[in-house]
Structures are given as structure tokens and as C-alpha cells.
Amino acid sequence: MRYAQIILPLNLKGSFTYRIPEELMPSIQPGMRVLVPFRGKKIYTGLVFEIHDHEPENFIPREIISILDEFPILPKEQISFWNWLSEYYLCSPGEIYRFAFPSSLKLESETYLKLRPNVAVDFENLDVNEMYLIQALEVRQLINLTDIEAFIPKKEIIKTINSLIDLQYIEIDEKIAEKYKAREVAYVKINEKFLNNHDLTEILSKLNKAPRQKDLFLLILDKQTETPSAYIKKSELFEAGNFGSLHFKALVDKNFVEEYYLQKDRLESYEGEIEEIEELSESQKLAKKEVDKAFEDNKKVLLHGVTSSGKTHIYLEKIEECINEGKNALFLLPEISLTKQITLRLEKKYGRQLGFYHQKLTDFERVEVWRKIKNNDIQILIGTRNALFLPFQNLGLVIVDEEHDSAYKPREVSPYFNAKDAALVLAGFYKAGVILGSATPSVESCYLARKDKLKYVFLGERFGDVKLPEYELINFKEAQESKKVSGNFSLHLIDEIRKTLDEKNQAIILHNRRGYANVVECETCGYVNYCSNCDVVMTYHKSANEMKCHYCGQRASKPKTCPKCYSENLNERGVGVEQIHEEVSKIFPDSEVDRMDVDSMRKKFAYEKLYEKIEDRETDIVVGTQMISKGLDFDHIELVAIPKADSLLYVQDFRAEERAYQLITQVSGRAGRVSGKGKILIQTYNPDHSVFQLIRINNVTKIYDYFLKERQKFHYPPFTKLIMIELKHRKEEKVNRASQFLGSVLRKYLPEECVLGPERAQIARLNNLYQFQILLKLPRGKNYEKFKEMVLISLNEFEEITAYQSIRKAVLVDF
DNA sequence: AGCACGCCGACT
DNA sequence: GTCGGCGTGCTC
């Protein structure tokens with residue numbers, strides 16, 4: 001066993017072979033971090049994936065420099081998980097490594113310069129920059145590349161360094177610095193040897209001439225005697241404001257007071273009271289029993305609980321059982337904003353045993369969670385998808401809440417994976433139980449449940465016997481024909497809103513389109529405002545008074561006249577949420593109407609402020625995008641209106657109907673949570689559309705029957721497996737050619753009907769990159785693995801063409 | 001990925 | 001003539 005396969009934090013295929021030096025042989029193990037040289041002098045933190053004895057044939061391996069960990073930092077379950085991820089999602093282990101580890105745990109060496117020993121520098125022949133650098137190096141032996149920017153213009157740095165290296169005056173050195181530093185907090189105490197009456201009186205009399213110091217001393221003494229076990233923070237002494245650090249320093253100098261430091265967590269943990277959870281209702285108890293039974297049979301559970309049925313209660317019970325067995329639980333949520341409420345609920349019960357992990361933590365905070373998980377200091381972790389990679393020691397339960405949510409598989413970050421599916425696999429390696437929970441499960445999960453791959457548990461009653469909301473479809477076409485409309489609202493819809501307001505209740509209006517108008521168009525010449533980076537029309541945002549591209553974020557001012565023909569007849573087309581908000585405000589001038597979308601929630605605490613406003617019932621109507629479907633659990637919302645429901649269906653995506661159903665159902669769940677008299681109004685031109693009809697009768701089985709039938713008919717998942725390959729490049733010609741080539745290679749290995757495209761992407765150019773797509777529709781089951789092998793072969797063949805190496809490629813498995 | 005090497009246009 | 005642009009090649 002003299003060689004190790006090492007993963008490097010680079011987007012490179014596969015792993016690299018290094019030789020293990022004799023002295024490291026006894027201690028090296030898979031899952032440990034090591035320092036390895038890679039390409040010249042550069043040093044990376046690699047990860048040992050495998051130890052073996054196969055001598056490489058085509059190259060001479062280099063040696064591992066040193067081992068960074070005493071014990072493997074990555075448990076063996078995680079190593080298996082990574083292997084599965086890279087095979088299933090066709091991504092490199094390096095990508096996973098980069099994604100999984102906080103950057104402080106995978107440091108790269110930094111390049112330093114130093115003078116060569118015993119050189120005589122001939123200053124006469126140096127230019128100014130070279131002279132500066134030599135002089136700087138004479139003062140401080142090592143200089144970091146970024147420090148050089150302070151005295152040499154950026155453009156000339158490389159030239160200067162290269163010329164000094166040629167002259168053999170300086171050389172390059174690589175150093176790895178530990179970046180993570182524990183946070184230290186200063187504490188104070190009275191010097192112990194003076195802690196007796198005699199000495200204390202003496203000190204106080206000595207301090208008579210310095211009253212401030214005396215007061216400070218007395219304050220410390222006071223705090224210390226009051227609770228001798230407590231630690232006194234230095235910072236709290238100055239809160240009163242009468243003392244400065246000078247007074248404190250004087251006391252320290254006189255040796256009366258001691259200052260000391262303790263390492264402190266960056267993550268605040270809950271210190272309040274610990275609360276018990278409420279008892280389960282009858283139907284919850286039944287559901288819980290089914291979950292228990294499934295776990296006994298080693299089956300994973302799909303918990304389908306209608307809105308406010310109390311899925312969380314069941315989660316809590318299972319978590320409790322899990323940690324009572326001495327195991328850890330992982331609670332996954334699709335996004336950070338949702339972690340807050342569940343955290344509030346859990347920390348009352350579990351206090352310090354609870355941790356969180358998500359994209360908003362700083363790097364050092366992530367390292368601290370890593371260490372705590374590694375040392376088993378945290379029993380329950382609440383997190384987003386990246387929490388799957390924490391080094392759990394004995395994971396016993398994984399909960400994936402809102403399992404249908406598309407945030408579990410964002411398209412734009414690599415490695416591309418669906419956290420819901422990955423959670424199932426990870427739990428498998430740990431032999432942990434899994435609960436996928438949702439009020440609107442994904443069609444895929446429902447299919448698995450029907451195939452008995454998941455145990456289906458249905459919770460159809462709201463907690464406390466509260467009734468489910470009622471649905472009503474409003475035929476907008478009819479309303480228009482009988483002239484019973486005002487703008488985008490039928491008079492009936494307006495009446496219903498008014499009724500709700502009159503009863504002092506609140507209403508929610510959903511319109512899932514940002515901005516004020518989709519397009520600003522010139523009536524005279526037809527000009528529309530395109531984004532300069534993308535092939536997309538820019539959306540008009542009235543409140544910010546600008547045009548925005550929703551794909552690259554570019555902003556432009558709104559044209560007053562047509563830039564092409566100077567006509568002033570500019571027409572706004574396509575209704576956005578801002579316009580709906582404006583309309584509602586005009587219809588109900590005496591009501592408080594607020595808007596909730598990413599644009600209005602951008603400011604700090606905007607969300608919190610609006611949340612409080614709604615809670616205090618200062619807000620009467622909330623108009624918003626899909627954002628309002630999540631987390632707004634209030635007691636007095638009785639009406640949900642969707643004035644332009646058709647727009648939810650007209651999206652080019654085979655999941656559009658499923659998404660529409662999920663969004664409508666989720667937002668409906670906000671209504672009548674306490675009264676049981678919630679009402680949902682869906683205004684549409686097509687009240688006969690199957691999706692709307694099925695939502696109205698609210699029959700869960702029939703809805704999924706319908707979705708599954710449609711998917712089967714058009715050969716979409718879960719009946720087939722999809723792989724999307726996207727190619728991007730600045731030059732359209734080049735990607736076009738490349739994608740044609742890749743398409744032909746794929747057709748060589750796969751049946752014709754499996755390969756769709758290549759085609760220009762729906763957004764042909766995004767951020768100045770032209771995109772082409774090839775969609776692979778592969779059969780499920782045994783053949784899938786074979787076909788995927790073929791895809792891999794095709795991709796390798798494609799990569800061998802050097803001209804296509806500059807083309808960016810994304811492979812999205814289970815797209 | 002990122003860094004070095006190598007080949008062509010815009011400037012002193 | 002050079003400087004520096006980026007296309008290409010390679011890393012255990």
C-alpha cells in the first residue's frame with residue numbers, strides 16, 4: 001500500500017495518484033486531508049480517497065508532503081456518498097470537494113517571494129520597480145504577491161518578478177497559512193492572591209487617589225462576589241460608560257486585576273428555557289404509527305400532510321426518538337428563510353444540541369459547525385442542501401421538508417444534484433431513516449410511493465379539526481362578456497375581497513410575475529428593450545423606475561421615447577405584480593395593501609418588518625409572487641385570490657402544471673388556518689382546465705393520477721430519465737458546431753429517439769454566452785446504466801476535440 | 001480550474 | 001520592433 005488516490009479542489013476529472021512516504025505509512029487513512037504538490041511548487045490540500053498498491057504506468061507520482069488530520073475528517077459513509085454523487089450526476093470528485101468543504105479547510109499555498117541567499121545585487125542595471133522590490137525584500141524577508149500591489153502597478157508585477165528571477169536575485173516560495181482562527185473573548189478577574197479582606201482594603205485605600213479606577217475595581221469585585229462561578233466579560237465593564245480602557249489598563253499594570261482570554265463560539269446558541277412539545281392529535285398519532293412501522297421495516301417515508309396538518313409535530317417526535325437512541329438527526333429545508341421558524345420551534349426544546357448550516361454562514365462559522373458535528377456536539381442539524389456534506393458520525397434520521405421544492409436542485413451551481421434524492425442515498429449509507437415531507441409531494445416521489453419504494457403516509461386533516469379551505473373558479477371570460485370586470489379583476493372577486501376586509505380579516509393575492517410590465521414596446525415601430533447581455537426582453541419595474549433583466553440582473557433606465565424612431569407612444573404590455581398591487585390599492589384606497597416579492601424584500605429586515613405588520617394586522621391585503629406561499633402562517637388570512645391563474649400554466653416546462661398545482665395549494669394553505677373558513681378564488685379564462693378542476697374538487701389521488709398519466713403519455717419522468725447537456729460559449733458559431741458534433745456522437749451510441757436536439761436554448765444568449773442544449777430521454781430501469789455509460793463515452797469523445805475545450809459544458813442528470 | 005506557453009494585432 | 005491579447009495544453 002504505497003500509493004494514494006487524492007482528490008484536489010479543482011474541477012478536474014478523477015483523482016490523482018501520489019506516493020506515500022515511508023514515515024507517513026502508519027498514520028495515513030482514507031478521509032484525511034493531506035498537503036500535496038501539484039504543478040510546480042503550488043501546494044494544495046488534497047483528500048485521501050483510497051490507498052492502494054498499483055504503481056502508475058504512464059507517469060512518476062510525486063510524494064505527499066504531510067498529513068493534516070490526526071483522524072479522518074470525512075467519515076466512510078461520506079466517501080461512499082461522494083462516489084455515488086460523482087457517478088450518478090456525472091461530475092468530478094473535485095467539484096464535490098470544492099462544494100462540500102468550507103474553504104478554510106482546503107487551503108492552497110500562497111506564493112511568496114524571497115531574496116536568494118548571498119547575492120550581490122547590481123542596482124545600476126535595475127529599473128525602478130525592480131529596485132523597489134529588492135529593497136522591500138531586504139527589509140522583510142518574505143513578500144506575498146498581493147502585498148506587492150501596494151508599490152508596483154498591477155500590470156508590471158509579473159514582468160518585474162520574472163526579470164528578477166532571471167537575474168537569480170530572488171526565488172519563489174510557497175507557504176500554507178492556517179486561516180481559521182478561533183474567536184477569543186477577553187475576560188477579567190481580580191488577582192486571586194489579593195482576594196482576602198486585608199489586601200482588598202489596602203488596594204482600595206491605594207486607589208483613593210484614582211476614583212475612576214477604584215470604582216472599576218469595585219465593579220469587578222462586585223460582579224465576582226455576586227456570582228463567583230460566572231465569567232466577567234471585559235466588554236461588559238465598559239457598558240456603563242464611566243470607565244475607559246485606560247482605567248482598566250492601570251489596574252492590570254498594578255497587577256490588581258488579571259485579563260485572560262477564552263475561545264468563544266461564533267455561533268450563538270440558545271440559552272433560554274426548554275419547552276416540551278404538545279401532544280399529537282389522533283390523526284397525527286395514526287400517521288406517526290405508520291411512520292414507525294415503516295422504519296421498522298427499513299422503509300423510507302413520504303409524509304403527505306395537507307397544509308397545517310402538523311407534519312412538524314411528527315418530525316419532532318421522530319427527532320426526539322432519534323436523539324434518545326444517541327443518534328443525530330438532519331433536517332433539510334429548501335431555503336434559509338424557512339430555517340428561522342423551525343429553528344425557533346426546535347431551539348425551545350433542544351437548546352444547545354441544535355445547529356444550523358446554510359449558505360449565509362461565514363466560512364469560519366461553517367468550520368465551527370463542521371467541528372461540532374465531527375465531535376458530536378450537535379445532535380440536530382437544520383440546514384439547506386449543503387448540510388448533506390457535514391461529517392456526521394452516526395446519522396439516524398434525515399428529514400427533507402417541502403421535498404417538492406425546486407430549490408433542492410438549483411440549476412446554476414455545480415455540482416448539479418437534487419438534494420432530496422441525494423438525502424435518500426446518504427441516509428442509506430448511514431442506515432438512517434428518511435421522511436420526505438410535503439403538502440404537495442413531487443410527482444416523482446408520489447410515483448415511488450405508488451411503486452412501494454417509499455412508504456406513503458397521508459395526513460389529510462388539519463390540526464385541531466380545522467376545515468380545509470374551499471376553492472372557487474371564476475370564469476373571467478364570462479365576466480368580461482357581461483362587463484363585470486375592473487381591470488384585471490372581476491367584480492365578483494372584488495366583492496369577495498371586500499367581504500373579507502369588512503369582516504376585519506386579511507387577504508392574499510398571488511401573481512407570480514415580477515415587475516410592473518413584462519415589455520415596454522414602441523407602438524409605432526415595434527421596438528422592444530432587449531438586455532445587452534442576454535436574449536431577453538427587459539422587465540419594467542415601476543417602483544424602482546428602471547428596466548431590469550431578470551436573468552443577469554442588468555439594469556437600464558426606462559426609455560421616455562423610442563430609441564429607434566423617437567416616438568413617444570410607448571406601450572406597456574404584460575401584467576406584473578407591481579401593477580396588480582397598484583390596481584388593488586386603487587380599488588381599496590382605505591386599506592393597507594403591501595407588496596411582497598424579491599424586489600420589495602431586498603432591503604435589510606424588509607421581510608421581518610412586513611411579517612410583523614401582517615401579524616399585527618396592520619396590513620389588510622398582501623400582493624405577492626410565489627414568495628407569499630411560504631412561511632406566512634397567520635391566523636386571520638381568510639382569502640387567497642389568484643387573478644391571473646392562467647399565467648401559472650403557460651410556462652414552457654413539462655412540470656408547469658405540477659408547479660401550478662403546488663403553488664396554488666401551498667398559497668391556499670395560508671387561508672383559514674384557525675377559522676376553517678378559508679376561501680380560494682382562482683380567476684381564469686379556462687375554468688375547465690383539468691388542473692383547475694382537480695384543484696377545485698381537491699382530490700389528492702385524482703390529481704396525481706392525472707399528472708402521472710400525462711407524464712406517461714409524453715414520456716417524461718418518472719417514466720423516463722432525463723439528462724440535459726448544455727454547451728455555452730461567447731461565439732454562437734462555435735457552440736453551434738460543437739453541439740452538432742456532440743449530438744452526432746451521442747446518436748452514434750444511443751437510439752435515435754433518446755437524443756433530442758441540439759437546439760438553441762430558450763434563452764439563446766445569457767450573460768453574453770450563447771447556449772445550446774441536447775436533451776436525452778433515457779429509459780428507466782436496467783438499460784439506464786448502460787445508456788449512461790454511453791453518454792460518458794460520448795462526452796469523453798467530445799472532450800478529446802481540442803478546439804472544443806473552451807466550451808463550457810453542464811451535464812444535468814434528472815434535469 | 002489555473003497557469004504557462006505560443007501565436008497575431010495595436011502601439012512607441 | 002514590442003507588448004499583451006487569448007486560444008491551447010497539461011497537471012499525479
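Chain naming here is simple, since letters A, B, ... match the order of the sequence lines and numbering starts at 1 in each.
Using a 4.0 Å cutoff to heavy atoms of chain A, the contacted part of DNA chain B runs 5' to 3' from B:dA1 to B:dG2.
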Could you encode protein contacts along nucleotides 6-12 of chain C as a string, one character per nucleotide from 5' to 3', using B for base contact, S for sugar-phosphate-only contact and - for no contact, with a heavy-atom cut-off of under 4.0 Å? -SSS-BB
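In this structure, the side-chain hydrogen bond (donor to acceptor under 3.5 Å, both in side chains) partners of A:E63, at least two apart in sequence or on a different chain, are A:R19. Among residues two or more places apart in sequence or in another chain, the side-chain hydrogen bond (donor to acceptor under 3.5 Å, both in side chains) test is passed with A:N83 by none.
Counting only residues at least two apart or on different chains, the side chain to side chain donor-acceptor pair (under 3.5 Å) pairs with a member in residues 381-391 of chain A are A:Q359-A:T384, A:T384-A:N386. Pairs engaging residues 9-28 of chain A under the ring-ring contact (aromatic ring centres under 6.0 Å, His included) rule: A:F16-A:F38 [sequence neighbours left out].
If you check the side chains of A:E797 and A:Y749, you find a donor sitting under 3.5 Å from an acceptor. Neither side chain, A:N736 nor A:Y770, offers a donor N or O lying under 3.5 Å from an acceptor on the other.
Between A:Y97 and A:Y44, the ring center distance fails the sub-6.0 Å criterion.
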